[in-house]
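Remarks on the structure that follows.
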Protein chains: 4
Amino acid sequence: MSKEKIIHAAIEVFSENGYHRASMDEIALRAQVAKGTLYYNFPSKSQLFKTVVKAGFEDIMRRTEADLNAPLPLEEMIFRIIRHHLDLFLESRHFAHIVFNEISNGIEQDVLDELKQLRREHLNFLAKILEEGKCEQNLLRDLDANLAAASIVGTMESACNYYLSHQDEYSRQDLEHFIFTVITKGLFISID
Amino acid sequence: MSKEKIIHAAIEVFSENGYHRASMDEIALRAQVAKGTLYYNFPSKSQLFKTVVKAGFEDIMRRTEADLNAPLPLEEMIFRIIRHHLDLFLESRHFAHIVFNEISNGIEQDVLDELKQLRREHLNFLAKILEEGKCEQNLLRDLDANLAAASIVGTMESACNYYLSHQDEYSRQDLEHFIFTVITKGLFISID
Amino acid sequence: MSKEKIIHAAIEVFSENGYHRASMDEIALRAQVAKGTLYYNFPSKSQLFKTVVKAGFEDIMRRTEADLNAPLPLEEMIFRIIRHHLDLFLESRHFAHIVFNEISNGIEQDVLDELKQLRREHLNFLAKILEEGKCEQNLLRDLDANLAAASIVGTMESACNYYLSHQDEYSRQDLEHFIFTVITKGLFISID
Amino acid sequence: MSKEKIIHAAIEVFSENGYHRASMDEIALRAQVAKGTLYYNFPSKSQLFKTVVKAGFEDIMRRTEADLNAPLPLEEMIFRIIRHHLDLFLESRHFAHIVFNEISNGIEQDVLDELKQLRREHLNFLAKILEEGKCEQNLLRDLDANLAAASIVGTMESACNYYLSHQDEYSRQDLEHFIFTVITKGLFISID
DNA sequence: AATGAATGAGTATTCATTCAT
DNA sequence: GATGAATGAATACTCATTCAT
């Protein structure tokens, strides 16, 4: 009961403030529990943070996976991956920033390691989808799947970030289309 | 004299710890000046941070520009842009992370605005290079140049990040080649 | 428990040093609580100060009021007002100085406003007593009651101050008598 | 040259901020001299403050004295004393507050002693005028002249203070008249 | 299971003062 | 006479964490 309220509040507060600016007081306040209850349920701030980030990664992976159940052409799969990640990046902008970036130095080493591991798993998740597509459909260049996954995420994040401060100039559809094109076909006109 | 020592130390400390974990005490210690000297030269932590970030952006832009002086084919230009940014991302990993990412919530609004402006200028700088290439050489897809610039940066950052924790698996040349390919040609084998 | 210890210590420290020279460290030390406990109980130095000043004003008003319960001739009322204020001014010299004077510029505007309001209330308290006396007994000149209250306080303060550095020359009774005479009859021999 | 500029600036800054909030930086800035110049001319902040307060007391005494040269009836003398002090209290409100009140605990003991001595001299100055009037004209009650002087100053200060926050309700003439009446005749209608 | 008062190490910032030039 | 860069002790305030209840 308390645990869920706390996680919920923590997502909000970490998202709005980043790890260091977020305070346990604020989280307790938002969760409507006493500060002590935080420490009754989570041993430390960084462990609470890890729980939140983990939930974020699991959520995006679960949501993506659910939508890729049926066998689909690779293009469609990539399009759906992009769409699901954009949902997260655009709707929970700050939370996404945290999940994907705020893995900062001020966190205890062991928690930091776990966070890095979570990020690696997410990349592996994407990389595996690409690998399967590569084998089955012979559409993908012979590039390292993990690096490819990383570059997909990087492109999405960076483009979303730009989009978010220039929403008047583009529609969400423009953004999706741009990202899909850039990821699949690159910037250049066929110089294969 | 002091000013330079401080900036130098600040780059180190901010790079190693990020904005919030970095302490003015530590910076003073590393710069071998008294704490008061920091405040004699910079009005606040956030202003010092801005100075450092600004120097970073100016450095990467200056270095890139210097290498693009002569008229070059677009491919070569992009390749050089990538190489220069990789130099920064790989050699001064943490510094690059700060310059490109740590534009976080706990900074006074006015400094934050200036930082965002700096980031915008850097994107414009890259976008202009792309625009010129697009016009002259008709090689680029008709994509928004700013979004394209953003996606280039995002790709580089994310790939470098992955590379840095898997250096045993790739060479720097592999990385450069991967990024260049992904950016120019995308992941798919010619589905134009 | 802590709260009371803190207020008690704060009265001492503010009294001895004035607002600006008083340090939160010193207050914590005297209250025998950790520095954090100060901020757990009071949001800021100025709020703590306000609490102390408020307590002072309330104390002097309560004590005075308690002694004016029964209907008394105006002269007697004024005499008692003087006596109670002298008790405060002489016994808690520094505290009184703070309560009545240290409403200085270096305090946040909102707290400053509250302090001024407290001072106004105290003057109103005295003015009302004078007003009632004026109506009922037709003894008082037709002077503005608030200004009259202000001048009573000013006279008491200034005379006490002088008295305190010249205690060998006067008795407390001399002082009381002097103040009463000056306030009621003025310096001149009947020039009505 | 510098010395005068500094004193001038110091009067302003001390007046606006009180002793503790006033900073040597601000004074140097206003005086348009380097900070070192302050210390070239005055050994310390408190000495500079003393100089300023001394100037203030000397000024009010000189101005008052100049206007009491000719032999005048006591009433007129008191009236003029009030008027000159009101000029100071009302026109240079903060400066007056400093000169007459801000003799606070955070100042080195020896400077503090000198400041108290200055205040005593001012009271003596007023007391002497009263004494002379008492002897010559047999108008004054047989009250201690120093206490009387103190109570005059206290009345003026306190009434001015009240007046300054209620300027819409009274004219300066009202104030002068009130103070004169209260000081000479007291609050009561002849109960001699 | 939950609380919230209490803690104290840590942080940014201020400012009177010094001193080499 | 005058400067201003440099100092460092002092200060208000924050916040993750603890623990008795």
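Letters A, B, ... mirror the listed sequences (proteins, then strands); counts begin at 1. Quick caveat, the model's predicted, so the values are computed rather than measured.
When rounded to the nearest whole Å, the span between CD of Q32(B) and P of dT7(F) equals 11 Å. A straight line from CG of D25(A) to C1' of dA6(E) spans 13 Å, rounded to a whole angstrom. With rounding to whole Å, L29(B) atom CG is found 13 Å from dA12(E) atom P. We find that NZ of K45(C) is positioned 8 Å from P of dT11(F), with the value rounded to whole Å. To the nearest angstrom, C1' of dT3(F) lies 12 Å from CD1 of I6(D). For the pair R21(A) CZ and dT11(E) C1', the interatomic distance rounds to 13 Å; values are reported in whole Å. Rounding to whole angstrom units, CD1 of residue I107(B) and P of dA12(E) are separated by 13 Å. H20(C) places its NE2 atom 15 Å from the C1' atom of dT13(E), with the value rounded to the nearest Å.
Set against dT7(E), dT3(E), dA16(E), the side chain of A34(C) has dT7(E) as its closest nucleotide. Listed nucleotides dA12(E), dA6(F), dT3(E) differ in distance to S23(B); the shortest reach to its side chain belongs to dA12(E). Comparing dT17(E), dA2(F), dT7(E) by their nearest atom to the side chain of M24(D) picks out dT17(E). Proximity note for T37(A) (side chain, C-beta onward) versus dT3(E), dC15(F), dT13(E): the nearest is dT3(E).
Remark: dA12(F) base-pairs with dT11(E); criterion is Watson-Crick or G-U wobble with both hydrogen-bond distances under 3.5 Å. The partner of dT3(E), taking Watson-Crick or G-U wobble pairs whose two distances both stay under 3.5 Å, is dA20(F).
Within the 4.0 angstrom heavy-atom criterion, no nucleotide atom of any strand lies near A31(B).
Here the options are R93(D), R21(D), R30(D), the test is salt bridge (Lys or Arg N to Asp or Glu O under 4.0 Å), and the partner is E16(D); only R30(D) passes.
Between E108(C) and S44(C), some side-chain heavy-atom pair lies under the 4.5 Å cut-off. Within the 4.5 Å cutoff, the side chain of F89(A) has no heavy atoms near those of the L164(A) side chain. L48(D) has its side chain within reach of I27(D): a pair of non-hydrogen atoms, C-beta onward, lies under 4.5 Å apart.
For a distance-only test at 3.5 Å, the side chain of K35(B) qualifies as a donor-acceptor partner of the base of dT13(E).
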Pick out the pairs of N or O atoms, protein on one side and nucleotides 19-21 of chain E on the other, that lie under 3.5 Å.
none

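A cation-pi arrangement is absent between K50(D) and F42(D) under the rule of less than 6.0 angstrom and at most 45 degrees off the ring axis.
An OP1 or OP2 oxygen of dA1(E) is reached within less than 4.0 angstrom by a side-chain nitrogen or oxygen of Y40(A).
When only modelled atom types and interatomic distance are considered, D113(C) and Q117(C) share no side-chain donor-acceptor pair under 3.5 Å.
The aromatic rings of F14(A) and Y19(A) sit parallel, their planes meeting at an angle under 30°, below the 60° perpendicular limit.
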